[in-house]
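Start at 1 with the first residue, then count along the sequence.
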Amino acid sequence: MAVKIPVDSRVDSQALNPNNVAAKSPASRADRPLSFHVADFSRPSNRTEEWRFAPLRRLRPFFDTTAEQIRSSCADQAGVSLTADGIALETVARDDARLGKLQAPEDQLGALAWEGAPHAYVATLPADTELEREATVHLHGHQLADDTSVRAVEMLIDAGERSRGTILLTHTGSAALTEGVEIRVGDGAHLTLVSIQDWDDDALHALSFRMRLGTDATLKHIVVSLGGSVVRVTSALDYAGTGGDAELLGAYFADAGQHLEHRLYVDHNQPQCRSNALYKGALQGEGARAVWVGDVLIRPEAEGINTYELNRNLVLSDGPRADSVPNLEIETGKIEGAGHASATGRFDDEQLFYLLSRGIPEKEAHRLVVMGFFAELINQIGVPTVQEKLLTHIETTLDKLGQGAPGNAPAGVPSAPVSFSDAEIGRAASANEDEDDTVAHMG
């Protein structure tokens, strides 16, 4: 049952997060705007870092909707339903003391989920317990095709101290949804959290992950984006103690007309911690677009940390565009290691030639190269149901693509993966030139 609360009884977000400001200079990621309140953010513009790659016109329903409108029209959560299997899912009031204890949202869409959700959900893995099997939280959108109403969901996943478990968060159906998910991993806990975006073709989804790892805690966070018209996932992680270990994996397959955007931020604010990010994506079809932005901040106190981030994109046909922007900000030299890499390219002609020369048909050779591209990532996921789903989706998409013409390079795409220079990354933002500079100017 939905729980309604007065606006003035919601959590005092300013008190919960002293960094709840939106007026600082963005020269450092440490000073990026953070707030639980939509009003604290300026109107989005393709001239700002947060939105320079985003299809603002297609996201306009989110910016034209207020939190009050969402609460008043969707108090019964019409259009979106949540069910859970293998774990208890509480429905709680928005003033529940467990909510809002992590960092604040970093953009309007995350703040809209916080302010607009009529109630919140809490999934708890109690301390010193272990899930016997994978637990699933299933979110399904069942809006009508002509319904453009925005829905909002706020959720907390709380893994208690020394707990162990795997939780799948799945998204299906159709909706215009902004969603905020807080993830707290207690001291000594081991959590695997998989988020699968398998929407219908017309769905709009903004998903804000805000994660914190306790002392000696381990998190494997896996994001798999397959369906939807526009999917934008922002993931922010920090540490509450030493010894935290974060494995951040992502896979995406952008089809014609899809925009799949993933923004990752790791704040190394404690010593002796580790993070490793690996995101891989493939694109095919006219207008397919993938954006990956990875930011890692190593603060002065984060001595002895080790971090690495890697993004790879494989272009399968004419028409797609991939933007990959890794960033590393280091404020201390007393670290074990830090690095990043990024590459975008098409099929390797030598790999294809080798397979064809061994008598493998062209279509099958094409398929094997794509599967080989994803193999490293799939093997690291470690959740059989997710691995199978990703493999099935790749197979289905490749069947739709057909044999293609792997010997013919898409216009402007090099024959081997290359890293983008800063100048090339800057030019990539011009892909939104056909849209207005700001949402405010949209007619």
Side-chain angles (χ1 to χ4, degrees), residues 16-21 24-34 49-50 101-106 159 161-162 182-193 209-223 234-250 262-280 292-312 324-343 376-377 380 419-422 425:
L16 290 177
N17 195 315
N19 293 325
N20 182 16
V21 295
K24 287 186 178 181
S25 168
S28 168
R29 288 295 286 161
D31 296 330
R32 75 196 194 285
L34 296 174
E49 170 56 35
E50 291 79 6
K101 297 300 185 182
L102 308 186
Q103 63 263 49
E106 61 184 80
E161 296 180 356
R162 298 173 299 281
E182 297 180 287
I183 302 172
R184 190 190 75 86
V185 187
D187 295 348
H190 298 267
L191 175 66
T192 296
L193 190 284
F209 284 110
R210 304 189 297 281
M211 304 170 282
R212 179 164 295 161
L213 273 64
T215 301
D216 297 325
T218 300
L219 172 66
K220 180 182 281 189
H221 183 249
I222 304 165
V223 177
T234 60
S235 304
L237 179 143
D238 63 14
Y239 300 84
T242 60
D245 191 329
E247 194 75 21
L248 308 169
L249 307 177
H262 301 85
R263 287 178 169 266
L264 179 66
Y265 172 62
V266 179
D267 185 350
H268 275 285
N269 58 336
Q270 297 286 342
Q272 305 298 324
C273 292
R274 173 187 174 274
S275 69
N276 180 70
L278 171 61
Y279 275 64
K280 285 193 171 186
W292 182 86
V293 179
D295 290 307
V296 175
L297 169 64
I298 304 174
R299 296 180 184 266
E301 60 269 27
E303 297 182 0
I305 68 96
N306 198 320
T307 181
Y308 194 80
E309 57 178 350
L310 172 65
N311 177 232
R312 292 282 188 262
S324 181
V325 188
N327 299 303
L328 185 59
E329 187 176 352
I330 305 175
E331 298 181 344
T332 177
K334 299 179 180 180
I335 60 176
E336 291 294 325
H340 60 193
S342 166
E376 175 191 9
L377 176 63
Q380 290 188 41
S419 295
F420 287 133
S421 67
D422 289 341
I425 290 171

S.K.: Are the side chains of His262 and Tyr279 in contact, using a 4.5 Å heavy-atom criterion?
M.R.: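 Yes, their side chains come closer than 4.5 Å.
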
S.K.: Evaluate the side chain to side chain contact (heavy atoms under 4.5 Å, CB included) criterion for residues Leu191 and Ile183: first the C-alpha distance (whole Å), next the side-chain angles of each, then the deciding distance (0.1 Å), finally the verdict.
M.R.: CA-CA 10 Å; Leu191 175 66; Ile183 302 172; 3.8 Å; yes

S.K.: Quick one: are Glu182 and Gln103 in side-chain contact, heavy atoms under 4.5 Å?
M.R.: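 Sidechains of Gln103 and Glu182: no contact.
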
S.K.: Using side chain to side chain contact (heavy atoms under 4.5 Å, CB included) as the criterion, list what pairs up with Gln380, not counting sequence neighbours.
M.R.: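 Glu247, Leu249, Leu278, Glu376.
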
S.K.: State, yes or no, whether a side-chain contact exists between Tyr239 and Ser275 at a heavy-atom distance under 4.5 Å.
M.R.: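 They are in side-chain contact.
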
S.K.: Within the side chain of Asn269, is there an N or O that forms a donor-acceptor pair under 3.5 Å with the backbone of Asp238?
M.R.: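 Here the side-chain-to-backbone pair does not exist.
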
S.K.: Answer yes or no: is there a side-chain heavy-atom contact under 4.5 Å between Leu237 and Leu219?
M.R.: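 Leu237 vs Leu219: side chains touch.
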
S.K.: For His340, give me all partners under side-chain hydrogen bond (donor to acceptor under 3.5 Å, both in side chains), at least two apart in sequence or on another chain.
M.R.: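 His340 satisfies side-chain hydrogen bond (donor to acceptor under 3.5 Å, both in side chains) with no other residue.
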
S.K.: Which residue pairs satisfy the salt bridge (charged side-chain N to carboxylate O under 4.0 Å, His left out) criterion with at least one member in residues 264-273, sequence neighbours excluded?
M.R.: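 Counting only pairs at least two positions apart or across chains, the salt bridge (charged side-chain N to carboxylate O under 4.0 Å, His left out) contacts touching residues 264-273 are Asp267-Arg299.
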
S.K.: Of the non-hydrogen atoms in Ala189 and Ala159, which two are nearest, and what is the gap between them?
M.R.: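 Nearest pair, atom of Ala189 first, then Ala159: CB-O, 4.2 Å.
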
S.K.: Which pair of heavy atoms, one from Arg32 and one from Ala236, lies closest together, and at what distance?
M.R.: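 Closest approach of Arg32 to Ala236, heavy atoms only: NH2-CB, 4.0 Å.
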
S.K.: Identify, with sequence neighbours excluded, every residue that meets side chain to side chain contact (heavy atoms under 4.5 Å, CB included) alongside Ala338.
M.R.: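 Listed in chain order: Ile298, Thr307, Leu328, Ile330, Ile335.
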
S.K.: Do Leu297 and Glu331 have side chains that approach each other closer than 4.5 Å (heavy atoms only, starting at C-beta)?
M.R.: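 Of all side-chain heavy-atom pairs linking Glu331 with Leu297, at least one is under 4.5 Å.
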
S.K.: List the residues meeting salt bridge (charged side-chain N to carboxylate O under 4.0 Å, His left out) with Arg184, not counting sequence neighbours, and say none if there are none.
M.R.: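 Arg184 satisfies salt bridge (charged side-chain N to carboxylate O under 4.0 Å, His left out) with Asp158 once adjacent residues are dropped.
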
S.K.: Just verifying a value: how many Å separate Glu301 CD and Lys334 NZ, rounded to the nearest 0.5 Å?
M.R.: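 Taking CD in Glu301 and NZ in Lys334, the distance rounds to 12.5 Å.
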
S.K.: Any chance you could lay out the side-chain hydrogen bond (donor to acceptor under 3.5 Å, both in side chains) test for Ser342 and Asn311, step after step, and finish with the verdict?
M.R.: CA-CA 5 Å; Ser342 166; Asn311 177 232; 4.5 Å; no

S.K.: Taking the side chain as every heavy atom from C-beta outward, state whether Trp292 and Pro326 have any pair of such atoms under 4.5 Å apart.
M.R.: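 Yes, side chains in contact.
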
S.K.: Mind checking what makes ring-ring contact (aromatic ring centres under 6.0 Å, His included) contact with His221, not counting sequence neighbours?
M.R.: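 Applying ring-ring contact (aromatic ring centres under 6.0 Å, His included) to His221 gives Phe209.
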
S.K.: For Asp245, give me all partners under side-chain hydrogen bond (donor to acceptor under 3.5 Å, both in side chains), at least two apart in sequence or on another chain.
M.R.: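 Arg274.
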
S.K.: So, taking the atom named CD in Glu336 and the one named CD in Gln272, what distance separates them when rounded to the nearest 0.5 Å?
M.R.: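 Going from CD on Glu336 over to CD on Gln272, the span is 7.0 Å.
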
S.K.: Quick one: side-chain hydrogen bond (donor to acceptor under 3.5 Å, both in side chains) partners of Ser235, sequence neighbours excluded?
M.R.: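 Per chain and number, Ser235 pairs via side-chain hydrogen bond (donor to acceptor under 3.5 Å, both in side chains) with no residue.
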
S.K.: Do Met211 and Leu102 make a side-chain contact, defined as non-hydrogen atoms from C-beta onward lying under 4.5 Å apart?
M.R.: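 Met211 vs Leu102: side chains apart.
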
S.K.: Sort out for me which residue in Thr242, Ile305, Thr332 forms a side-chain contact (heavy atoms from CB on, under 4.5 Å) with Pro271.
M.R.: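 Of the listed residues Thr242, Ile305, Thr332, the side-chain contact (heavy atoms from CB on, under 4.5 Å) partner of Pro271 is Thr242.
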
S.K.: Thr192: what forms a side chain to side chain contact (heavy atoms under 4.5 Å, CB included) with it, not counting sequence neighbours?
M.R.: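 Once residues adjacent in sequence are excluded, the partners of Thr192 under the side chain to side chain contact (heavy atoms under 4.5 Å, CB included) criterion are Thr166, Val194, Lys220, Ile222, Val383.
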
S.K.: Does Asp295 have any side chain to side chain contact (heavy atoms under 4.5 Å, CB included) partners at least two apart in sequence or in another chain, and if so, which?
M.R.: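 Per chain and number, Asp295 pairs via side chain to side chain contact (heavy atoms under 4.5 Å, CB included) with Arg29, Tyr265, Val293, Asn327.
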
S.K.: Taking only residues two or more places apart in sequence, or in another chain, which ones meet Asp216 in a side-chain hydrogen bond (donor to acceptor under 3.5 Å, both in side chains)?
M.R.: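 Counting only residues at least two positions away or on another chain, Asp216 forms no side-chain hydrogen bond (donor to acceptor under 3.5 Å, both in side chains).
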
S.K.: Could you tell me whether the side chain of Cys273 reaches within less than 4.5 Å of the side chain of His268, counting heavy atoms only?
M.R.: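 When only atoms from C-beta onward are counted, Cys273 and His268 do touch, with a gap below 4.5 Å.
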
